[in-house]
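Only one structure is covered here, and it is reproduced in the block below.
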Amino acid sequence: MTAGANGNGNSRGMRQVLLVGDTTLDPLARLLDRNPDAPKLRCSAAPYGQVFQILLDGSHPAWAHKPDDLVVWTAPQLTLPSIGKLMRFEAISHDEALREAEQFADAVLQAASRISLVLIPTWILPSRERWIQMLSCKQGVGLANLLARANLVLAEKFTAQSNVVLLDANYWQTSLSRPAHDPRMYAVAKILYSQPMLEKAAAEIKSVLRGSLGLAKKVIVCDLDNTLWGGVVGDEGAHAIKLGAPDPVGECFHAFQSALKGLRARGILLAICSKNDEKFALSVIDDHPAMVLRKSDFVGWRINWKDKAENLVSLAEELNLGLDSFVFLDDSPQEREQVRQMLPQVYTPDLPVSPADLAPFVSSLDCFETPALGREDFERTEMYQAERGRREVVEMSGGVENWLRSLQIEVRVARVQRENLPRAAQLLNKTNQFNLRLRRMDEQSFWNWVEEPGNSAYVFSVSDRFGDFGLTGLATVSRQCQDAQIVDFVMSCRVMGKKVEEALLGYVFSQALADGAVRIMAPAFEGPRNAPAREFFAGKYLRGDDTTIDPERVAIPSAITLKEESLAPA
Amino acid sequence: MKDLIAILNQIRPGQDFAGSTDFFSQGVLDSLDLTTLVAELETRYNVFVDVEEIVPEKFRNLAAIQQLLAKHGVTL
C-alpha cells in the first residue's frame with residue numbers, strides 16, 4: 001500500500017511533503033510549513049542536486065520520513081544538460097535534449113509508485129533570459145521552442161499516471177509583479193527563485209493539495225448592486241445600472257459576469273445574496289440586455305432585507321452543502337466583515353476596489369482546484385435546478401411516499417471500472433456528509449485497492465423524471481470468509497433525502513450475501529460532518545455497540561427501480 | 001524598531017531578538033533565514049540589498065540591521 005493510500009490520518013492530520021530539486025528549496029519548505037491554511041504540512045527539503053539519485057532509489061535517506069506527497073522542482077538548464085548548453089549557445093541535438101526530458105519523466109514515474117501524489121512544476125527559463133528573440137521559438141533551433149517541447153514530453157509521459165500532476169510554473173511567474181528568479185540569492189545560497197515566486201509556489205501547492213483532498217470550494221454567493229453590476233438598481237432603476245458596452249465600467253462588470261459564468265460552466269455553483277426587492281431584482285437579471293448571468297445560471301438566491309449571514313446559512317441548508325464550501329463576494333466591507341465574524345468558515349475575500357480588477361480577481365481565485373473535470377461538473381447547475389423543481393412537487397403532492405413514487409427514481413449500478421474510476425475517486429475524495437469512512441485515496445491507490453482479492457466496488461447513477469443526477473453513489477465491500485465489511489458508503493448530497501441510500505445498501509447487502517458473506521458490518525469513522533451517513537447506519541445496526549447490519553432493516557424501497565449495468569468485475 | 005522585531009518574529013517566532021548580540025552565532029537565525037529576512041526588508045522598506053551586503057555580519061543584531069537600513073535611507 002502506498003503512503004497515504006489508507007486514508008487514515010494523513011488527510012486529517014499533518015501531511016508529510018518531500019521537496020526535491022537541483023537548487024535550494026528549504027525556503028519553500030519553510031513557507032509551506034508556516035502557511036496556516038489547510039492542509040497542515042510538515043515539509044523537508046532534500047539536499048539539492050541529488051534529483052535522480054533520490055527519485056530512482058527508494059532507500060535514499062530523503063525517503064526516511066515516509067512522505068505522503070512529493071514536489072520535484074527542477075531548473076531545465078540544470079536538470080537537462082542540453083538546455084544548459086543551448087542557453088550558452090553551444091551546439092546541441094534537440095532530440096537528445098528531449099531524451100533527457102524523457103529520462104527525467106521516467107525517474108519521476110518510478111518515484112510515483114512510492115507515493116500518494118507527485119507535483120512537478122513545469123520548466124521555466126530565468127525571468128530575464130532573452131536568448132535570440134528572432135530564433136527562440138524556431139523549431140529545431142530555439143531555446144523557447146525546445147523548452148516548450150520538453151514540457152510537452154512531461155505532459156505526455158504523465159498522462160496515464162493520475163498521481164503525477166504537472167503544475168504551470170509559467171503562470172506562477174507571469175502572475176508576479178517582480179522577477180521570479182533572484183541571481184543574488186542563487187549566488188548566496190543556491191536559492192534560484194525570488195521570495196515572491198516561492199510564496200506563489202507555496203500558495204499554489206497548498207491549493208492543489210486542498211483540491212486533491214476534496215477541500216475545494218463549491219459555491220460562489222454574489223451580492224448584486226456594485227458587485228454584479230455598477231450602481232444600486234433599486235435607487236437608480238434598471239436602465240441606469242452600469243453593465244455592458246459602451247460604458248467602460250459597464251464593460252468591467254460584463255467581464256466579471258463572464259468570468260463567473262466560466263466558473264459555473266466547470267461546475268462551480270452560483271447563488272445570490274442581496275438586499276433588494278426580489279421580484280424587481282430577478283426581473284432585471286432576466287430582462288436586462290447586457291446581463292451575462294441569467295436566473296437559470298443561479299442555483300439559489302436570497303434577495304430580501306434580512307441579515308446576510310442568516311441568508312447564507314439558509315442557502316447552505318437549501319443546497320445541502322456545508323458553509324465551508326462557500327465563497328461570498330460582496331462589495332461592501334461592512335457586509336464582508338459581518339459575514340467573516342458570524343461565519344468564519346465561509347471564505348469572504350476582499351474585492352478589488354477597481355471594477356477593472358474584478359474579472360482577473362475571479363480568474364485568479366485558487367480555491368476551486370480539482371484533479372479532474374467530468375460530466376457531473378459540467379451539468380451541476382442543471383442538476384441543482386432540477387432539485388428546485390422536485391421540492392416544488394413535494395409541496396404539492398401530499399406525503400413523502402406519494403412524492404417518491406411521483407419522482408420515478410431509477411438507480412443504475414455498475415462495478416468500478418477504469419472508465420468510471422475518475423468520477424468514483426472524485427466522489428470518494430470530495431464527499432463530506434454522506435461518507436461512512438471518509439477514506440481519501442488518489443485514483444491509482446483506489447484502483448489498487450479495488451483489484452485486491454476479496455474487495456468489490458460499485459458505483460451508482462441516479463435519475464428521476466426531472467433529470468439525471470449522474471454518478472452519485474459509491475460503495476465498496478471487503479470480504480474475508482463469511483464476514484464482509486462495507487468499507488466505503490458514499491453518496492452525493494444531491495440525492496440525499498430520496499431513500500436512494502436505502503436502495504444502495506439493499507443492493508450492496510444482497511451482493512455480499514450472494515458472494516458468500518453471512519455477517520455484514522459497516523463500521524463508521526466519526527468525522528466532523530459525516531453525521532448523515534453515521535446516523536443512517538446507526539439505524540441499521542443489530543445493536544448500538546455492534547456495527548453488524550440487521551438484515552431485517554435492509555430493503556430496496558418499492559418506489560425505486562434498480563438496474564444493473566455491465567457488472568463484470570474490474 | 002518594533003516593525004523590525006515583528007518581521008524577525010515572523011521568520012523565527014519566539015526568539016529574543018532584542019537580547020541577542022549575534023543572531024547567527026547564537027542560533028537565533030540561520031543562513032536561510034538571512035535570505036528570507038533580506039526579501040522581507042526589501043518588501044517592507046522598498047530598498048535593494050546588493051549581493052555583497054547579504055552576509056551575516058550585516059544582519060547580526062538589531063543595531064547592525066538598523067545601520068544597514070540607514071545606509072539605504074531608512075530610519076527606524
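FYI, side chains are in, hydrogens and waters are out, and symmetry mates aren't considered; it's all heavy atoms of this structure.
- Residue B:S31 does not touch chain A at all, counting heavy-atom pairs closer than 4.5 Å.
- No more than 12 heavy atoms of other residues, nucleotides or ligands shown are found within 6.0 angstrom of CZ on A:R42.
- Between B:E42 and A:R184, at least one side-chain nitrogen of the basic residue sits less than 4.0 Å from a carboxylate oxygen of the acidic one, meeting the salt-bridge criterion.
- Residues A:Q195 and B:E40 meet the side-chain proximity criterion, which asks for heavy atoms closer than 4.5 Å.
- Note that CG of A:L198 and OG1 of B:T36 are 8.5 Å apart. Values are rounded to the nearest 0.5 Å.
- Around the CD atom of A:E129, the shell of radius 6.0 Å holds more than 12 heavy atoms that belong to other residues, nucleotides or ligands.
- Counting heavy atoms from C-beta outward, B:I54 and A:M185 have side chains that approach closer than 4.5 Å.
- Other residues, nucleotides and ligands contribute at most 12 non-hydrogen atoms within 6.0 Å of the CG atom of B:N46.
- Using a 4.5 Å cut-off between heavy atoms, A:S194 does not touch chain B at all.
- Note that CG of A:L25 and CG of B:L32 are 10.5 Å apart. Values are rounded to the nearest 0.5 Å.
- The side-chain heavy atoms of B:V38 and A:V188, taken from C-beta on, include no pair separated by under 4.5 Å.
- Rounding to the nearest 0.5 angstrom, the gap separating the CD1 atom in B:I11 from the CZ atom in A:R30 is 9.5 Å.
- In this structure, the portion of B:Q10 lying under 4.5 Å from any heavy atom of chain A is its backbone and not its side chain.
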